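Note on naming: letters A, B, ... go to the chains in the order of the sequence lines (proteins, then strands), and numbering restarts at 1 for each one. Worth saying up front: this structure is predicted, and the values here are computed from it rather than measured. Heavy atoms only: backbone and side chains are in, while hydrogens, waters and symmetry mates are out.
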Amino acid sequence: MTEELAVAKVGEIGEDEAIVVPRATTGTLDDVAVVYTGGEYFALDNTCTHEEASLAEGWIEDGIIECPLHASGFCVRDGAVQNLPASRDVAVHAVRVEGDDILVTPNPDRLA
Amino acid sequence: MSAIASVVVVGGGIAGVTTARQLRSGGFAGTITIVESEPACYDRPPLTKAAFVDGASLESLVFATPEEYAAQRIDVIAGVRATAIEPGAHSGRRVRLADGRAIDADAIVLATGVRAHAPTFDGGALPRVSVLRDYADALRVREFATPGTTIVVAGAGLIGAELTSGLVALGARVVLVDPQRVPGAAGLGATLAGYLHSLHSAHGVEVRQAAVAAVTRGDDGVLVTLDDGATLPAHAVVVGAGIAVDPELAATVGLADPAAGGSIVVEATGRTAAPGIWAAGDATWRRGEDGALAPCAGHWDAARLDGAAVAADILGGGTPARGADWYWSDRYGAHIEVVGRLVGDGTEVVRWAAPGRPAAVFRVADGLLVGAASIDDPMTVRAARRLIDQRVPVAETQLADPGVRLRDLLRSA
């Protein structure tokens with residue numbers, strides 16, 4: 001059973017923006033990008049599966065986060081890769097909002 | 001198009017592999033076979049970048065593992081060249097391989113790419129003279145580049161410039177020769193090209209405005225003679241002299257078009273003049289709506305979009321929106337992105353990071369953005385790509401102001 005973490009307050013992440021929660025905080029193998037888009041929050045592993053790049057610095061639009069290096073897209077909802085050069089999905093984590101808190105439950109498969 | 005039950009994709013670069021993957025993810029239920037003459041289907045851009053410096057394995061450059069291809073039911077035949085397209089069973093076609101095998105296909109996709117332009121100077125065939133196009137080239141060039149060796153790089157275009165940066169990172173001494181005073185200016189404009197070219201000398205590269213006239217064997221390598229009469233002792237020469245078409249396979253089915261320099265002419269859908277044969281990527285020239293032929297942009301993303309268009313057409317859907325051409329280049333730790341056109345009609349607007357150091361350059365025509373490039377600021381180009389495609393009016397003062405985020409211009413439109 002993994003523990004739910006408060007990672008940010010509602011309003012701290014702008015529309016179509018993301019923050020990075022360090023792996024030291026989440027206890028996961030990778031840092032976690034927490035994305036706000038379309039009025040919803042999503043959390044996914046922050047490192048592109050192609051090369052070393054922070055997805056949180058990428059372009060977010062229409063439910064897709066686009067890697068800042070080579071523009072591989074990943075679905076923010078399920079982590080599914082949309083186009084090469086990345087060929088593998090990124091892992092996603094559960095997120096919910098309670099009051100003002102954005103809460104992430106690390107994916108048990110991605111615990112360090 | 002529902003009659004298509006088998007697709008053979010010739011060429012396992014970005015165009016071919018994208019075609020195969022998009023076909024499968026788009027619901028194509030038939031057989032998909034990729035034929036690749038190289039030992040594996042791998043990504044080419046890293047060959048002059050980090051992978052070159054790091055000595056990356058071929059396995060680390062592949063688009064997908066054998067298990068991933070198996071899961072997608074994509075058969076890969078690697079290490080064998082396709083030599084001909086012949087009539088096949090049931091009035092279809094057949095792809096003949098160099099090892100004698102033949103594969104019947106309802107649809108054939110030619111994604112065969114291009115070759116590096118071979119050196120034309122005397123001595124261009126010496127073993128210490130190489131081009132850089134494939135993985136084996138990268139391995140060979142990397143072996144030349146031990147610390148303290150001198151490498152002459154002939155040609156300061158994208159390949160030559162990235163390679164020079166990689167050779168410097170490996171500790172080699174590099175002499176970069178190019179006949180142009182500001183290489184790349186024809187595509188990037190003088191401001192950006194001039195700054196990027198200046199990075200070479202800033203990193204200790206000896207830059208010479210000249211062309212290689214001849215290479216002969218020297219005491220410990222080669223002796224390079226330039227067209228200005230200078231002679232340079234070096235351990236090796238690497239030539240980045242552009243691309244050359246590889247028309248042999250297309251010629252077997254009459255698709256090596258003399259009007260396109262031997263390339264394959266395609267419509268926006270990727271269809272060729274031959275029914276049942278599509279083509280994608282560097283091997284193609286595209287016929288526009290006005291009937292005019294345009295060479296392939298030659299960039300990775302253009303080839304990827306070509307592959308996506310072919311897959312969509314075989315699946316029977318519409319051609320996906322294409323947008324302005326986009327590419328990237330990495331050198332000396334700087335990540336450069338370019339979208340659209342930076343030269344031609346209109347005016348150049350520069351956003352300076354510091355005096356003499358551009359953060360971004362833009363091309364504006366009739367109040368619209370038509371091109372943009374950035375250094376270490378990819379989100380500016382990602383926003384610019386959308387401003388161009390959506391024809392959002394822009395103000396030059398805002399583009400020039402480092403305090404203005406292009407994303408906000410898109411939002412407020």
**Fill in**
d(A:S87 OG, B:Q72 CD) to nearest 0.5 Å is 8.0 Å

**Message:** Given 3.5 Å as the limit, does a donor-acceptor pair link the side chain of B:R382 with the main chain of A:C67, or not?
**Reply:** yes

**Fill in**
Bottom line for A:E66: the part with an atom under 4.5 Å from chain B's heavy atoms is both

**Prompt:** Is there a salt bridge (charged side-chain N to carboxylate O under 4.0 Å, His left out) between B:R411 and A:D16 once you walk through the steps?
**Reply:** CA-CA 11 Å; B:R411 291 268 168 82; A:D16 292 338; 3.3 Å; yes

**Asked** In this structure, are over 12 heavy atoms from other groups packed under 6.0 Å from A:R77 atom CZ?
**Response** no

**Heavy-atom pair of closest approach, residues A:G58 and B:M379** = C-SD, 3.6 Å

**Request:** Side chain from CB out, backbone as N, CA, C, O: work out which of these in B:I336 comes under 4.5 Å of a heavy atom of chain A, or both, or neither.
**Result:** neither

**Request:** Find the distance between NE2 (B:H335) and CG (A:L69) and round it off to the nearest 0.5 Å.
**Result:** 5.0 Å

**Request:** Can you see which heavy atom on A:P68 is nearest to which on B:P378, and at what distance?
**Result:** O-CB, 3.3 Å

**Asked** Does a side-chain heavy-atom distance below 4.5 Å link B:R385 with A:W59?
**Response** no

**Asked** More than 12 heavy atoms of other residues, nucleotides or ligands under 6.0 Å from CZ of B:R391: is that the case?
**Response** no

**From CG (B:L410) to CD (A:E61), nearest 0.5 Å** = 7.0 Å

**Message:** Taking side chain as everything from C-beta outward and backbone as N, CA, C, O, which of these in B:A308 sits under 4.5 Å from a heavy atom of chain A? Side chain, backbone, both or neither.
**Reply:** neither

**Item:** Which portion of A:E52 sits near chain B, non-hydrogen atoms under 4.5 angstrom
**Value:** neither

**Fill in**
Turns out that what part of B:R386 lies under 4.5 Å from chain A's heavy atoms comes down to side chain

**Fill in**
The reported gap from CZ in A:R88 to OG1 in B:T65 (rounded to nearest 0.5 angstrom) is 8.0 Å

**Message:** So that I can tick it off, tell me whether A:E17 and B:R405 are bridged by a salt bridge, with the cut-off set at under 4.0 angstrom between side-chain N and carboxylate O.
**Reply:** yes

**Asked** Which class fits the ring pair B:W328 and A:H70: parallel under 30°, tilted 30 to 60°, perpendicular over 60°?
**Response** tilted

**Asked** Under 4.5 Å between any side-chain heavy atoms of A:N83 and B:T18, yes or no?
**Response** no

